[in-house]
> 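Quick one: structure below, then a few questions.
So you know, we letter chains A, B, ... as the sequences are listed, proteins then strands, and number each from 1.
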Amino acid sequence: MDEQQEQEQQEAKLYFSRNLLEWYHGQKRDLPWRRHRNPYYIWISEIMLQQTRVDTVIPYFNRFIERFPTVESLADAPEEDVLKCWEGLGYYSRARNLQHAAKQVKDEYGGQVPDDRDAVFSLKGVGPYTAGAILSIAFNRPEPAVDGNVMRVLSRYFLIEDDIAKGPTRIKMERLAAELIPEGEASHFNQALMELGALICTPKSPRCLPCPVMEHCSARLAGCETSLPVKTKAKPPRPEERLAALIEGRGGHAGRVLIRQRPSSGLLARMWELPHWPAPPAEGGASAALLPETAAQDRLRRSLLQAGIFARPEGHWMAAEHTFSHIVWTLQVYRCREEEAPALPLAAEGRVPYGAASSPADPGSASASGLADPAAAADYAASSAAGTSPGVYNAGLTASVPADLFAEEPAPAERFADGGGNPEDAGAVRWINRGDMANYAFPNVFLKLLNAYFDEQEGKSDN
DNA sequence: AAATCGGGGTG
DNA sequence: CACCCAGATTT
């Protein structure tokens, strides 16, 4: 690049920074986290915005800071409260990382979000982008905050054709973004950059006419703005057919359905769900949806028994789909009815094996109670499990199940080939009614299924 | 460097 | 419906 080009490049940068900043002051949106310069608010909003659009985040943000107004209140909250507040937002490990980081701030930084690069970086869930966002937006530090919006804007304005999915490209963008920050204006400028990406320089059809920097935008001048940024495509998610059980309680559980808690690591960690297992591949490669219903019900019953849950599938209810980044679940949901446990033994913990092979029946535990009636057994479990809510049912039924029922069970790794983590801390089950849903955090697909079910029940009882 | 982590919007 | 959106952590 000769001297003349270099000078033009410098002018393009100055033009960009000046015009963008001026535009932002006239166009910035009124957002809840922009109404104060509270580093805690900025931090919460940036974690939420990592994954979701502004419109979706706003109600979550408002509820979150109402429920957890300070770092300390977040640090001291029960984890399930934090997860419940995050319910439906996705990427739940971020909620758990956020609370972990709140404890860090409380214990190591006196409850104040640190105004220090290394300290901010050390917080769980805070990476290069979020650290830069907190330091610049909350503390006006001249740090770059390069997210997808910023990379899109910069790749177009400076016509950078590097693949933004690659690591080194982000480093390059950060160097460039840092150069562009006007003296003393890091907070406004970084927000302006992201605001432009969100409102004007959008992925599909950028609105170049109202763009404050269109005159010197290299991509627009070259007519290639819609083909930037260059980004390698993600590989498509793999499909997974699963059989799910909506179990209607009987006796002491009448009007309730059974839910269980997922393991504390992996997919949807510690969230609650209807029990479900991979569907066996049908003959000839047909999908599980085409699996003869009796075969599917038989398989589901085996899986339920294997998990220590006594229930009988009674027919297909509905299908539901749930899309992750890397998997697509198709859930075939069967309505099931709770059955009486054959022998009896109720252990005290309210847990069932989740990923592990079922433990052998413990003859000792069988004498823990002599209750054969499910309602009485539930009462027994509730009364013997201190600190649990009414309706808690101990499905840790290690009772004698005919061994041949398990003859065709797949290996544990196959049964729970969904990213399930440590089986030791999973498998808690509860019988819940609609009101109890407020106490458990569910992924959206199960929220929809449970609401659909309770709606259906209410409709029936009205008639 | 590649895979793991949700859920929603657009055309 | 196909296709798009992304940052931190783990492996």
> Base of B/dG6, side chain of A/S325 - is there a donor-acceptor contact under 3.5 Å?
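Looking at the base of B/dG6, it does pair with a donor or acceptor on the side chain of A/S325 (distance under 3.5 Å).
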
> Classify A/G167 by what it touches in the nucleic acid, base, sugar-phosphate, or nothing, heavy-atom distance under 4.0 Å.
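Result for A/G167 = nothing.
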
> Any donor and acceptor pair, going by atom type alone, linking the side chain of A/R156 with main-chain N or O of A/R220 inside 3.5 Å?
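It does not hold such a pair.
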
> Can you tell me how far C1' in B/dG6 sits from the matching atom in C/dC4, rounded to whole Å?
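Rounded to whole Å, the distance is 15 Å.
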
> Base, sugar-phosphate or nothing for A/Q50? Non-hydrogen atoms, less than 4.0 Å.
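Answer is sugar-phosphate: A/Q50 comes under 4.0 Å of backbone atoms only.
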
> Look only at the side chain of A/S187 and the backbone of A/I137, and say whether a donor-acceptor pair between them is shorter than 3.5 Å.
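Yes, A/S187 side chain to A/I137 backbone: donor-acceptor pair under 3.5 Å.
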
> When you check the gap from the basic side-chain N to the acidic O, do A/E458 and A/R434 get nearer than 4.0 Å?
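Here A/E458 pairs with A/R434 in a salt bridge, since their nearest N and O are under 4.0 Å apart.
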
> Between atom CD in A/Q51 and atom C1' in B/dG9, what is the gap in whole Å?
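These atoms are roughly 15 Å apart.
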
> Could you tell me how far apart A/R152 (CZ) and C/dC4 (C1') are, to the nearest whole angstrom?
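In whole Å, C/dC4 C1' lies 11 Å from A/R152 CZ.
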
> A/V257 vs A/F454, test: side chain to side chain contact (heavy atoms under 4.5 Å, CB included). Steps then yes/no.
CA-CA 10 Å; A/V257 300; A/F454 289 124; 4.0 Å; yes

> Give the nucleotide from the list B/dA2, B/dT4, C/dC4 with an atom nearest to the side chain of A/K166.
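When the side chain of A/K166 is considered, B/dA2 is the closest of B/dA2, B/dT4, C/dC4.
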
> Please determine whether a side-chain nitrogen or oxygen atom of A/S93 lies at a distance below 4.0 Å from atom OP1 or OP2 of C/dT9.
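Checking A/S93 against C/dT9: no side-chain N or O falls below 4.0 Å of OP1 or OP2.
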
> Tell me which of A/R53 and A/V126 sits closer to the 5' end of DNA chain C, going by the nucleotide each one is nearest to.
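Comparing both residues, the 5'-ward one is A/R53.
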
> Atom CD of A/E240 and atom C1' of B/dG6: how far apart are they, to the nearest Å?
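Roughly 15 Å, once rounded to whole Å.
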
> Would you mind telling me which of C/dT10, B/dA1, B/dG6 lies closest to the side-chain atoms of A/L267?
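Looking only at side-chain atoms, A/L267 lies closest to B/dG6.
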
> Among C/dT10, B/dG7, B/dG11, which nucleotide sits nearest the side chain of A/N444?
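Of the options given, the side chain of A/N444 lies nearest B/dG7.
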
> With a cut-off of less than 4.0 Å, is there a side-chain N or O of A/N149 near OP1 or OP2 of C/dC5?
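Result: no.
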
> Could you check how far NZ of A/K235 sits from P of C/dC3, rounded to whole Å?
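That distance rounds to 17 Å.
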
> Tell me what A/D55 touches on the nucleic acid: a base, only sugar-phosphate, or nothing, going by heavy atoms under 4.0 Å.
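Nothing, no heavy atom under 4.0 Å.
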
> Consider the side chain of A/R238, meaning its heavy atoms from C-beta on, and name the nucleotide among C/dT10, C/dC4, B/dT4 that approaches it most closely.
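Among the listed nucleotides, the one closest to the side chain of A/R238 is B/dT4.
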
> For A/K231 and C/dC3, is the shortest distance between a side-chain N/O and OP1 or OP2 below 4.0 Å?
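Checking A/K231 against C/dC3: no side-chain N or O falls below 4.0 Å of OP1 or OP2.
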
> Nearest whole Å is fine: how far is C/dC5 P from A/D147 CG?
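Taking atom P of C/dC5 as the reference, CG of A/D147 is at 13 Å.
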
> For A/K84 and A/Y440, indicate whether the former's side chain and the latter's backbone hold a donor-acceptor pair under 3.5 Å.
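Side chain of A/K84 to backbone of A/Y440: a pair is present.
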
> Roughly, in whole Å, what's the span from NE2 in A/H326 to P in B/dG7?
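That distance rounds to 12 Å.
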
> Is the backbone of A/E273 close enough, under 3.5 Å, to the side chain of A/R262 for a donor and an acceptor to pair up by distance?
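Side chain of A/R262 to backbone of A/E273: no pair is present.
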
> Starting at the 5' end of DNA chain B, which residue's closest nucleotide do you reach first, A/T52 or A/K204?
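Checking each residue's closest nucleotide, the 5'-ward one belongs to A/T52.
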
> So, is A/H322 near the phosphate of B/dG6, with a side-chain N or O under 4.0 Å from OP1 or OP2?
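No, because none of the side-chain N or O atoms of A/H322 sits under 4.0 Å from OP1 or OP2 of B/dG6.
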
> Can you measure A/I58 atom CD1 to B/dG9 atom P for me and round it to whole angstrom units?
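That distance rounds to 13 Å.
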
> In whole angstrom, give the distance that lies between atom CG of A/L49 and atom P of B/dG6.
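So the two atoms are 18 Å apart, to the nearest Å.
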
> Nearest-nucleotide wise, let me know which of A/S205 and A/E87 is further upstream toward the 5' end of DNA chain B.
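Result of the comparison: A/E87.
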
> As a test of reading the structure: which of B/dG6, C/dA8, C/dT10 is closest to the side chain of A/P128, going by heavy atoms?
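So the nucleotide nearest the side chain must be C/dA8.
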
